[in-house]
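A short write-up of the structure that comes next.
In what follows, every chain begins at residue 1, and chains take the letters A, B, ... in the order their sequences are listed.
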Amino acid sequence: MCLSLDILMAVESKLEQIYEWLLREYGPQGWWPVRCECAESGYHKENFAVPASAKGRWEVCAGAILTQNTAWVNVETVLERLRAQELDDPETLMLCNDSDLAQAIRTAGYHNQKAKSLKNLAQWFLSPGPKTRVDLLSVNGVGPETADSILLYAFHQPSFVIDAYTRRIFSALEIVNMSWKYEKIRTLFQANLPVEIECYKEYHALLVEHAKRYYRKGTSAQCPLRRVLGKNLFDGDLA
DNA sequence: AACCAGGACGTGA
DNA sequence: TCACGTCATGGT
């Protein structure tokens with residue numbers, strides 16, 4: 001009978017129930033974590049802000065590149081260094097030569113690639129005209145997740161971000177399959193959630209927080225969301 | 001001391 | 001199309 005409940009519950013209902021549970025459990029995350037502009041240094045979890053300035057929007061863009069397969073704590077360090085070296089805006093960054101820029105961002109890893117990606121993205125950022133997903137995806141170094149992060153958190157466009165954590169969580173809950181491609185998963189979310197930008201932002205941020213607790217590689221704690229969806233703790237593949 | 005991190009791209013089959 | 005190697009440093 002647990003199985004029948006699982007079948008009867010529509011995807012739409014599941015996605016919303018999971019969101020409500022995460023929000024109650026962890027509270028609003030307030031992503032994207034931009035540096036508080038009134039603070040002299042450091043990132044303040046209490047003061048995450050929506051970037052209102054071009055510089056703030058660019059910080060989201062740069063962070064989206066720098067955090068590719070990289071822990072955010074290392075990105076913070078680099079963003080601070082870029083600010084200290086006055087490379088925290090796209091105009092001056094484009095004037096910097098590749099090797100100097102690579103050195104400035106070295107501690108975030110993949111520095112040679114990311115230096116080029118940042119320059120490519122800076123050119124996109126400064127180019128006139130609407131900021132479209134298609135144009136963004138044509139930038140070398142910007143894949144679908146980076147593109148959606150930028151569109152959602154820097155430009156307030158309703159594009160749901162799918163990352164490795166999202167895949168792990170929802171495949172464990174048997175809502176998506178690990179073999180599904182990025183666009184298919186993104187379409188599933190967008191087709192089954194109200195088109196609300198703030199909800200898109202919160203949802204992705206909450207999923208990251210949840211995954212860090214239950215879905216890191218090497219840990220296999222029982223995910224409490226299984227219960228939320230009415231799954232029997234004794235069935236499934238973890239026995 | 002291996003192993004992982006809020007991926008993306010180029011390559012060959 | 002798609003699986004697989006490569007890119008690289010810092011934290012645990």
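Put simply, A/R168 has no side-chain N or O that comes within less than 4.0 Å of OP1 or OP2 on B/dC4. Phosphate contact (OP1/OP2 of B/dG7, side-chain N/O of A/T67, threshold under 4.0 Å): absent.
If you measure from atom CH2 of A/W32 to atom P of B/dG6, you get 11 Å, rounded to the nearest angstrom. Rounding to whole angstrom units, CD1 of residue A/I150 and P of B/dG6 are separated by 17 Å. Atom pair A/D148:CG and B/dG7:C1' shows a separation of 13 Å (rounding to whole Å applied). If you take CG of A/L79 and P of B/dG6, they are 15 Å apart, rounded to a whole angstrom. When the P atom of B/dG7 is taken as reference, atom CH2 of A/W72 falls 12 Å away, rounded to whole Å. To the nearest angstrom, P of B/dA5 lies 16 Å from CG of A/L207. Taking atom NZ on A/K181 and atom P on B/dA8, their separation rounds to 15 Å, with Å as the unit. Put simply, CZ on A/F160 is 17 Å from P on B/dG6, counting in whole angstrom units.
Note on ring orientation: taking the six-membered ring where Trp is involved, the planes of A/F125 and A/F155 are tilted (angle from 30° to 60°). Taking the six-membered ring where the residue is Trp, A/W21 and A/Y26 present perpendicular rings, their angle passing 60° and hence far from 30°. Ring pair A/F170/A/F189 is perpendicular by interplanar angle, where above 60° counts as perpendicular and below 30° as parallel.
Looking at every heavy atom in both residues, A/R167 comes nearest to A/M178 through O-SD, 3.7 Å.
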How does protein reach along nucleotides 5-12 of chain C, written 5' to 3' as B (base within reach of a heavy atom under 4.0 Å), S (only sugar-phosphate), or - (no contact)?
--BBSS--
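Here the CG-OH distance, from A/L206 to A/Y165, works out to 14.5 Å after rounding to the nearest 0.5 Å.
Cation-pi geometry between A/K55 and A/W58 is not satisfied (NZ or CZ under 6.0 Å from the ring centre, within 45° of the ring normal).
Among the protein residues, A/V78 comes within range of no part of the nucleic acid, since none of its heavy atoms lies under 4.0 Å from any strand. Looking at heavy-atom distances under 4.0 Å, A/V142 makes contact with sugar-phosphate atoms alone, never a base.
Aromatic stacking is marked for A/W31 over B/dG6, as both cut-offs hold: 5.5 Å for the centres and 30° for the planes.
For the P atom pair drawn from B/dG6 and C/dT6, the interatomic distance equals 23 Å after rounding to whole Å. With both ends at atom P, the span from B/dA1 to C/dA8 equals 25 Å, rounded to whole Å.
For A/H204, counting side-chain heavy atoms from C-beta on, the closest listed nucleotide (B/dG10, B/dG6, B/dG7) is B/dG6.
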Can you give the donor-acceptor pairs under 3.5 Å from side chains of residues 103-110 of chain A to other protein atoms, not counting sequence neighbours?
| from | atom 1 | to | atom 2 | distance (Å) |
| --- | --- | --- | --- | --- |
| A/T107 | OG1 | A/R81 | NH1 | 3.4 |
| A/Y110 | OH | A/N69 | ND2 | 2.9 |

